[in-house]
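Structure record follows, encoded as structure tokens.
We count ligands from 1, going down the list as the structure has it; atoms in each ligand are counted the same way.
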Amino acid sequence: MQPVPARSDGYVARVGVLGGGQLARMLAIAGAPLGVRVVTLTPDPEASHDVTHTIAGEYDDEHALRELASLSNVVTYEFENIPPEAVERLEGRVLLRPPPAALTTAADRWAEKELFGRLGIPIARYTRVAAPTDFDRALTEVGLPCVVKTRRMGYDGKGQRVCRTEEELRASWDALGGVDLLCEQWVPFERELSIVAVRSIAGDVRCYAPGENVHEAGILRSTIAPAPDLSEDLHDHASLNVRRILAELDYVGVLALEMFQHGDTLLANEIAPRVHNTGHWTIEGAETSQFENHLRAVLGWPLGSTRHHGHAAMVNIIGTTPPLERLLAIAGLRVHMYGKQPRPGRKLGHVNIVAASGADAREHVAALRTLVEG
Ligand code: AMP
């Protein structure tokens with residue numbers, strides 16, 4: 001274990017974060033009891049400025065990057081679409097964890113698929129569409145229905161379209177902005193799952209219980225963890241696959257693997273090289289939250305237990321602020337607001353509750369969604 005040397009400013013360590021949204025905010029909150037100060041570099045500090053040391057600036061602002069490097073023992077990332085040049089400019093100046101190659105792989109859907117292929121992890125059929133003429137190949141190799149996704153800069157359902165007819169497929173080139181695309185088979189999945197795991201610099205890996213996720217319009221609405229009625233076999237597959245990915249990327253920190261359950265198979269969809277919305281339940285639902293474990297990992301500290309307490313339910317608050325008094329009246333419910341202005345489709349917070357069974361967790365999700373969605 002290589003501990004990061006302590007600083008003389010009263011904090012045990014400072015962790016730099018590229019990005020200043022809710023993930024940086026929750027890293028900062030998890031870091032406070034450990035004496036860890038989070039320093040963010042962000043063009044939009046709305047969600048985290050009250051709990052972090054914030055450097056306001058563009059990601060390619062040399063002055064801001066220099067300040068971030070000088071203030072941080074280690075720098076990590078809040079989202080994968082950071083301009084690669086910003087990360088390159090930090091290399092050699094400050095420790096970067098997870099390794100930048102993990103970021104570039106996850107930011108490029110093509111590289112991500114190649115990674116899954118290399119590791120023998122099952123995925124939906126796919127092909128690349130680099131020009132409109134490639135749709136002919138997509139029709140034979142992938143078929144309809146399919147999902148067309150931009151190769152880069154897709155998140156929360158942005159930059160993708162489900163196509164059921166050849167016309168829709170061909171129209172997706174212009175609709176998605178005439179950029180490099182990936183066409184993948186539409187999977188009639190039974191449910192979506194994810195597994196969040198953390199790897200230390202010594203290669204110690206701990207997995208959280210896989211969660212069952214519901215997305216609508218590409219945005220996560222809820223997670224229940226452990227995923228109810230998940231067979232031991234699928235549970236083992238999920239942890240084996242995430243372990244393979246972590247080892248292949250020589251990863252340090254938290255990573256999430258999102259999957260589709262289709263019959264007895266898990267098809268990998270994507271990875272997130274960071275703390276992830278499908279791991280927010282761990283704040284109250286596990287012995288060590290994903291946020292604390294990410295900080296521990298990037299700082300070279302021992303990892304905390306990922307064991308879960310009971311059956312956690314997490315519901316996202318999206319677009320509008322719900323009646324807080326009604327949420328707070330629910331025994332055991334924890335509210336996490338992000339300090340962001342309401343806007344349609346925007347993640348403003350989430351609520352967590354730990355239930356006695358998976359069935360109870362499902363009931364909580366149904367009731368909470370009614371409350372937060374109005
Ligand atoms: P992504 O940006 O790839 O995470 O996709 C966002 C959401 O769209 C997923 O969580 C699924 O709900 C849905 N989705 C994406 N790809 C597929 C697919 N190939 N088949 C069915 N649904 C998909």
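In this view, Trp173 satisfies the ring pair (Phe, Tyr, Trp, His ring centres under 6.0 Å) rule with no residue, not counting sequence neighbours.
Judged purely by distance below 3.5 Å, without hydrogens or angles, the side chains of Thr127 and Arg137 pair a donor atom with an acceptor atom. Under 3.5 Å, the side chains of Ser194 and His276 contain no donor-acceptor pair of N or O atoms.
The Val147 neighbourhood of ligand 1 comprises atoms 17 (C), 18 (C), 19 (N), 20 (N), with distances under 4.0 Å to a heavy atom of that residue. Atoms of ligand 1 lying under 4.0 Å from at least one heavy atom of Trp186, given by number and element, are 20 (N), 21 (C). The atoms of ligand 1 that sit less than 4.0 Å from any heavy atom of Glu192 are 9 (C), 10 (O), 11 (C), 12 (O). Close approach of ligand 1 to Glu184 is summarised as follows: ligand atoms under 4.0 Å from at least one heavy atom of the residue are 16 (N), 17 (C), 18 (C), 19 (N).
Residue-level proximity to ligand 1 for Asn213 is absent, since no heavy atom of it falls below 4.0 angstrom. At a 4.0 Å heavy-atom cut-off, ligand 1 touches Arg109 through the side chain alone. Here Glu270 has side-chain heavy atoms under 4.0 Å from ligand 1, and that is the only part of it that gets that close. With a 4.0 Å heavy-atom cut-off, ligand 1 is reached by the backbone of Val187 and by its side chain too.
A salt bridge is defined here as a Lys NZ or Arg NE, NH1 or NH2 lying under 4.0 Å from an Asp or Glu carboxylate O, and Asp180 with Arg152 fails to meet this definition.
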Anything under 3.5 Å between a donor and an acceptor, one on a side chain of residues 233-240, the other on a protein residue two or more places apart or in another chain? List them.
residue: His237; atom: ND1; partner: Asp233; partner atom: O; Å: 3.2
residue: Ser239; atom: OG; partner: His235; partner atom: O; Å: 3.2
residue: Ser239; atom: OG; partner: Asp236; partner atom: O; Å: 3.3

Worked check of side chain to side chain contact (heavy atoms under 4.5 Å, CB included) between Met26 and Val275 | CA-CA 9 Å; Met26 288 185 273; Val275 287; over 6 Å; no

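With hydrophobic clusters built from ILVMFWY side chains whose heavy atoms lie under 4.5 angstrom apart, Ile195 does not share a cluster with Val198.
Considering Arg125, Gln160, Met259 only, the shortest heavy-atom separation from atom 13 (C) of ligand 1 involves Gln160.
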